[in-house]
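These notes are about the structure you will find just below.
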Amino acid sequence: MVMKKIKLTESDLYRIVRKVLLEQEEEKRSFTFSPGSFESLITSSSGERFVKHLNNKHDEIIVNGDLDLEGTPIQSLPNNLHVKGNLYLNGCENLKSLPDNLHVEGFLSLEGTPIQSLPDNLRVTDTIFIKGTPLNKNDELVKKYKEKYTINWK
């Protein structure tokens, strides 16, 4: 095998190192929370800023266990949220949609929320509860979702 020598100037080397460092800085990483600490942060007065920060900085947000946000005034959840348990969103009246790439390893309870549709990239291991939602009133969507998920609408 013949190796060729490449001649780099200091300027070339600087540009290469700078480019690599910028790419590394732009890389997103996963971030793991306990359920209690995540609940506290997302339901705080700066919860929306917290969600935006997570969306900008991390590829995946992991919550190790059940996440109970029932009846809280949250408006959104971060994209790429992975809940390693059940996700309770019952009565979250300000939550109008679910985030992209939501993964719930248990069940997802949406009862009493204004959510009208489920994202295409949603992954739920167990049942999705939709009683008292606009979803429940849309027979076409219920039929569509029943093909992909276990749905409880009664």
Among the clusters formed by ILVMFWY side chains lying less than 4.5 Å apart, do L110 and F107 turn up in the same one? no

Report, one line per pair, each donor and acceptor closer than 3.5 Å where one atom sits in a side chain of residues 120-132; sequence neighbours left out.
from : atom 1 : to   : atom 2 : distance (Å)
N121 : OD1    : N101 : N      : 3.0
N121 : ND2    : N101 : OD1    : 3.1
R123 : NH2    : H103 : ND1    : 3.3
T125 : OG1    : V104 : O      : 3.4
T125 : OG1    : E105 : O      : 3.3

Donor-acceptor pair, side chain of D66 and main chain of N86, under 3.5 angstrom: yes

Value for CG (L67) from NZ (K84), rounded to nearest 0.5 Å, stands at 14.0 Å

So P99 and N79, do their side chains get closer than 4.5 Å, heavy atoms only? yes

Going hydrophobic residue to hydrophobic residue with side-chain gaps under 4.5 angstrom, can you get from I62 over to L77? no

Side chains of Y149 and L108, heavy atoms from C-beta outward: is any pair under 4.5 Å? no

Quick check: does any side chain N or O of T43 sit under 3.5 Å from a backbone N or O of E39, one acting as donor and the other as acceptor? yes

Can you tell me how far OH of Y145 sits from CD of E140, rounded to the nearest 0.5 angstrom? 10.5 Å

With a sphere of 6.0 Å drawn around CD of E70, does it hold more than 12 non-hydrogen atoms of other residues, nucleotides or ligands? yes

Where do G112 and T133 come nearest, in terms of heavy atoms and distance? N-CG2, 4.0 Å

Atom pair CD1/CG of I61 and L102 - distance to nearest 0.5 Å: 12.0 Å

Just distance, no hydrogens or angles: give the donor-acceptor pairs under 3.5 Å from side chains in residues 87-98, sequence neighbours left out.
from : atom 1 : to   : atom 2 : distance (Å)
N90  : OD1    : S109 : OG     : 2.3
N90  : ND2    : S109 : OG     : 3.3
N94  : ND2    : P73  : O      : 3.4

Only pairs under 3.5 Å count here: list side-chain donor-acceptor contacts from residues 47-54, not counting sequence neighbours, and write none if there are none.
from : atom 1 : to  : atom 2 : distance (Å)
E48  : OE1    : S76 : OG     : 3.1
E48  : OE2    : S76 : N      : 3.3
E48  : OE2    : S76 : OG     : 3.2

Looking at N64, L81, T32, which one forms a side chain to side chain contact (heavy atoms under 4.5 Å, CB included) with F38? L81

